Number of protein chains: 2
Amino acid sequence: MLTIKEIAERANVSRTTVSRVLNNSGYVSEEAKKRVLQVIEETGYVPSENAKSLRTKKTKVIGVILPKISTETSSRLVKGMDEILAKEGYQILLTNTNLDPEKEIEYLKLLKSRHVDGIILSATNINRPLVEEIYNLKIPFVTVGQTISGLANVIFDDYQATKDMVNFLIQKGHTKIAFIGVDEQDRAVGYLRKKGYLDAMKEKNLQIETSWVQKGVFNVESGYESMRAILLDAAENKPTAVLAVTDRLAIGAMLYLNEAGLSVPDDIALAGMGASELAKFIAPPLTTIDFSIEEAGREAALLILQKISGENYHEVIKTIPYRLVERSSV
Amino acid sequence: MLTIKEIAERANVSRTTVSRVLNNSGYVSEEAKKRVLQVIEETGYVPSENAKSLRTKKTKVIGVILPKISTETSSRLVKGMDEILAKEGYQILLTNTNLDPEKEIEYLKLLKSRHVDGIILSATNINRPLVEEIYNLKIPFVTVGQTISGLANVIFDDYQATKDMVNFLIQKGHTKIAFIGVDEQDRAVGYLRKKGYLDAMKEKNLQIETSWVQKGVFNVESGYESMRAILLDAAENKPTAVLAVTDRLAIGAMLYLNEAGLSVPDDIALAGMGASELAKFIAPPLTTIDFSIEEAGREAALLILQKISGENYHEVIKTIPYRLVERSSV
DNA sequence: TTCCAATGTGAAATCGATTCCATATAAAAA
DNA sequence: TTTTTATATGGAATCGATTTCACATTGGAA
């Protein structure tokens, strides 16, 4: 691999001068500059980012920690980040925890050891040791999807979005509304969305049967099972609408309803959340909430850039706007 | 940021000894080792990968160049790679060309300047200058989806898979089969799949109307338009089956057929390729080819690791097995 | 003519690790 | 007792860049 030293020798200047040409800094005569550029052109020399980083303490790399690497949410998030970061010459170093809390801490250390200029964490559940670790990391940090006080956070209004959706269902004439959620350890999707549902129902004085509220996990099968549970347990008092906290759960529910010979939305209306692609093309197309994940990625990227440049050192909570997407499943 | 020098001072040893403890190399007394580990524990010291890399010439980073960052194929590919690479302590540095050929070369240089230990390129079309650049890169290199001679390549059997699908349609009684492809610049998806279709038809002596063969781009709308074109142009001699080279194109086609009041598969059978999630949940579920993208990612990762360890320096062409997924759209 | 500022250049220190080499000691072999 | 040999340690070079500082040279202002 070619080094700055060799370029200097070939161009008959010092390393200092080559560095000056490379960085457009200090005084360099046109004469010398031309020779250096010439040699660089001929040799295809590319300076070592590594050596550069060691000296300058900047790597132009942003570490991104994802809970799952190949979900639609993750990839849309990364897409949004990349749009902004690439423009500024930053690269993304990906890490994937597979929902393992220990790996979150492990990767935090790893990213630190790699001297990334900033870290963006897309978290599902935040635990004490993780927060501790983050606080004494002293690296520009942004979370997406959950909040950690004192840091920069990009979040979705899970609570209000869910309320909106419930109110939308109510407005459509439904009063018996069931809910398929996930574990409340996940504060955003589990806890806040459930709270939104419960509060919206309470505000309108609507009763909720115990069997209408089910808990699943993040996949289609689980939606199927939850829907079945709702219909079996609530045999005497069936809901006329179901809200699932993710589109995949809703699609699972739809699959069960189809199998059970029930029509959506005539027998039971169905709504999801997340605006996945799936939701658009399924029959009937699914009413859902579009959380603008790419936008969240872009925001997170902008925030981390601000943090890096030192513009913004206090707590930030940036809420990404959402949109209710009305389709024929309701 | 803490350095090895400070650790050495606090533990009352030399930097050399700290390094030995860190890397489990050379002789270190239990005594000294304990002191060093103690100090590291207390301080939370993490050695700088940067400085390390500069000296050792290894970064434990694999650069991945993707044509599009948030497609299902890309994320499944990255997932497969990460499964293998993370286990071996490698990180993934992501770059996204957005199908811009100039960026491919730009990112190649960038990854070189970052001294990644290897590069995996998921390419759609390979042009001369790119190949030139790759050859004189002298970094372990693996391509996915297309072949470059002399290198390690992970590919899909696009040709045979398409033939299989056409034969499957024929076996189901279809003789009038239309085709929705993409630009043949894309050798794998554009050229080879089209060739597979043409050859399979020819082998069975089946005629192809000009209007049955359409060219779209990689999205749903394009499938819609292509299907419409087929039905309008071929008004007098309509096909009874349509094969689209991607599931999204097939789904677009299905959308048009639905709108046109035609039933799938009764009026027209429909098949896609790629086994996207969408295909599973659409109505009717789409017959497609599952190319095992994750497996390709894993294979690419294994190959790059081999290349890095110097085990495998000659050309490799690894073909990933595919599977015809029979669903009710045919 | 003298002095100062602007321009141009390179030697050497620096970043934080690894690694080669020299050296010291204690235990084992001759 | 002398000579190896295994163990233990640290000084200093090294990796490839940037950056500080010192030093020339030149042209214009005083």
Side-chain angles (χ1 to χ4, degrees), chain A residues 1-37 39-40 43-61 89 109-117 138-139, chain B residues 1-37 39-40 43-61 89 109-117 138-139:
Chain A
M1 194 71 60
L2 235 39
T3 72
I4 198 174
K5 196 176 154 211
E6 290 186 49
I7 303 301
E9 280 163 9
R10 297 206 200 195
N12 244 315
V13 293
S14 69
R15 294 168 13 247
T16 313
T17 302
V18 177
S19 176
R20 287 200 181 100
V21 173
L22 251 26
N23 299 288
N24 251 319
S25 62
Y27 295 111
V28 181
S29 64
E30 277 307 314
E31 181 64 21
K33 185 170 180 175
K34 223 179 78 189
R35 286 207 315 276
V36 171
L37 288 176
V39 174
I40 289 177
T43 55
Y45 162 75
V46 188
S48 156
E49 279 298 323
N50 235 319
K52 195 184 214 162
S53 302
L54 183 59
R55 186 72 231 252
T56 61
K57 311 279 186 196
K58 295 191 188 314
T59 53
K60 286 276 183 175
V61 173
K109 285 192 182 164
L110 185 139
L111 292 175
K112 179 183 176 186
S113 79
R114 291 198 180 277
H115 291 263
V116 294
D117 290 345
K138 308 280 177 204
I139 298 179
Chain B
M1 194 71 61
L2 234 40
T3 73
I4 199 175
K5 195 175 156 211
E6 290 187 50
I7 303 301
E9 279 163 9
R10 297 206 201 193
N12 244 313
V13 293
S14 69
R15 293 173 8 252
T16 313
T17 301
V18 177
S19 176
R20 289 199 181 102
V21 172
L22 250 27
N23 297 288
N24 251 318
S25 62
Y27 295 111
V28 181
S29 64
E30 278 307 313
E31 180 63 21
K33 186 170 180 175
K34 224 179 78 190
R35 285 206 315 276
V36 171
L37 288 176
V39 174
I40 290 177
T43 54
Y45 162 74
V46 188
S48 156
E49 279 298 321
N50 235 319
K52 195 184 214 162
S53 302
L54 183 58
R55 186 71 232 253
T56 62
K57 310 282 187 191
K58 295 191 186 317
T59 53
K60 286 275 181 175
V61 173
K109 284 193 183 164
L110 185 139
L111 292 175
K112 179 183 175 186
S113 79
R114 291 197 181 277
H115 292 264
V116 294
D117 290 345
K138 308 282 176 201
I139 297 178

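Naming convention: chains lettered A, B, ... in sequence-line order (proteins, then strands); numbering from 1 in each chain. Remember, it's a predicted structure, so these values are computed and weren't measured experimentally.
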*Thr56(B) or Val13(A): which one's nearest nucleotide on DNA chain C is closer to the 5' end?*
Val13(A)
*Describe, as an angle rounded to 10 degrees, how the axis at the first end of the helix from dT1(C)-dA30(D) to dA30(C)-dT1(D) is tilted relative to the axis at the last end, five pairs per end.*
50°
_Rounded to whole Å, please give me the gap between CD in Glu9(A) and P in dG10(C)._
12 Å
*If you round to the nearest 0.5 Å, how far is OH of Tyr27(A) from NZ of Lys33(A)?*
14.0 Å
*Working to the nearest 0.5 Å, report the span between CG of Leu111(A) and CG of Asp117(A).*
11.5 Å
*asked:* How long is the straight-line distance from CG of Asn50(A) back to NE2 of His115(B), given to the nearest 0.5 Å?
replied: 6.0 Å
*Given atom NE2 of His115(B) and atom P of dG16(D), what is their separation to the nearest angstrom?*
8 Å
*Indicate whether OP1 or OP2 belonging to dG16(D) is found under 4.0 Å from a side-chain N or O atom of Thr3(A).*
no
_I want to check something: taking the side chain as every heavy atom from C-beta on, are Ser19(A) and Ile4(A) in contact at a cut-off of under 4.5 Å?_
yes
*asked:* Taking salt bridge (charged side-chain N to carboxylate O under 4.0 Å, His left out) as the cut-off, I'd like each qualifying pair that reaches into residues 13-23 of chain B, sequence neighbours left out, listed once.
replied: none
*Given Thr43(B) and Arg10(B), is the side chain to side chain contact (heavy atoms under 4.5 Å, CB included) satisfied, shown in steps?*
CA-CA 10 Å; Thr43(B) 54; Arg10(B) 297 206 201 193; 3.7 Å; yes
*Please check if the side chain of Ser113(A) supplies one atom and the backbone of Ser48(B) the other of a donor-acceptor pair under 3.5 Å.*
no
_Assess whether a salt bridge exists between Glu30(B) and Lys34(B), defined as any Lys/Arg side-chain N lying under 4.0 Å from an Asp/Glu carboxylate O._
no
_Which nucleotide in dA17(C), dT18(D), dG16(D) has an atom nearest any side-chain atom of Ile4(B)_ = dA17(C)
*Residue pairs fulfilling salt bridge (charged side-chain N to carboxylate O under 4.0 Å, His left out) with at least one residue in residues 47-57 of chain A, sequence neighbours excluded*: Glu49(A)-Lys52(A)
*Enter the distance from Tyr45(B):OH to Lys112(A):NZ here, rounded to the nearest 0.5 Å.*
10.5 Å
*When the distance from CE of Met1(B) to P of dC15(C) is rounded to whole Å, what number comes out?*
14 Å
*Leu54(A) has an atom CG; how far is it from atom C1' of dT19(D), in whole Å?*
13 Å
*Can you list, by residue number, the residues of residues 17-27 of chain B that have a non-hydrogen atom closer than 4.0 angstrom to DNA chain D?*
Thr17(B), Arg20(B), Tyr27(B)
*CA sep, side-chain torsions, deciding dist, call: Val13(A), Arg35(A), side chain to side chain contact (heavy atoms under 4.5 Å, CB included)*: CA-CA 9 Å; Val13(A) 293; Arg35(A) 286 207 315 276; 3.4 Å; yes
_So, taking the atom named CG in Leu22(A) and the one named OG1 in Thr17(A), what distance separates them when rounded to the nearest 0.5 Å?_
11.5 Å
*Positions of residues 46-53 of chain B (non-hydrogen atom under 4.0 Å from DNA chain D), listed by number*: none
*asked:* Between Met1(A) and Lys138(B), is the side chain to side chain contact (heavy atoms under 4.5 Å, CB included) condition met? List the steps.
replied: CA-CA 9 Å; Met1(A) 194 71 60; Lys138(B) 308 282 176 201; over 6 Å; no
*Write down the distance between NZ (Lys33(A)) and C1' (dT9(C)), rounded to a whole number of angstrom.*
16 Å
*May I ask you to verify if any side-chain N or O of Lys57(A) is less than 4.0 angstrom from the OP1 or OP2 atom of dG16(C)?*
yes
*asked:* Rounding to an integer number of Å, can you tell me how far Arg55(A) CZ sits from dC15(C) C1'?
replied: 6 Å
_Gap between atom CG of Leu2(B) and atom CD1 of Ile7(B) - 0.5 Å precision_ = 4.5 Å
*Round to a whole Å and report the spacing from NZ of Lys5(A) to C1' of dC15(D).*
11 Å
*Answer with yes or no whether Thr16(A) presents, from its side chain, a donor or acceptor under 3.5 Å of a partner atom in the base of dA11(C).*
yes
Which atom pairs link the protein and nucleotides 23-27 of chain D when you take only N or O atoms and keep those under 3.5 Å?
none

*Please report, rounded to the nearest Å, how far the C1' atom of dT14(D) is from the CZ atom of Arg15(A).*
12 Å
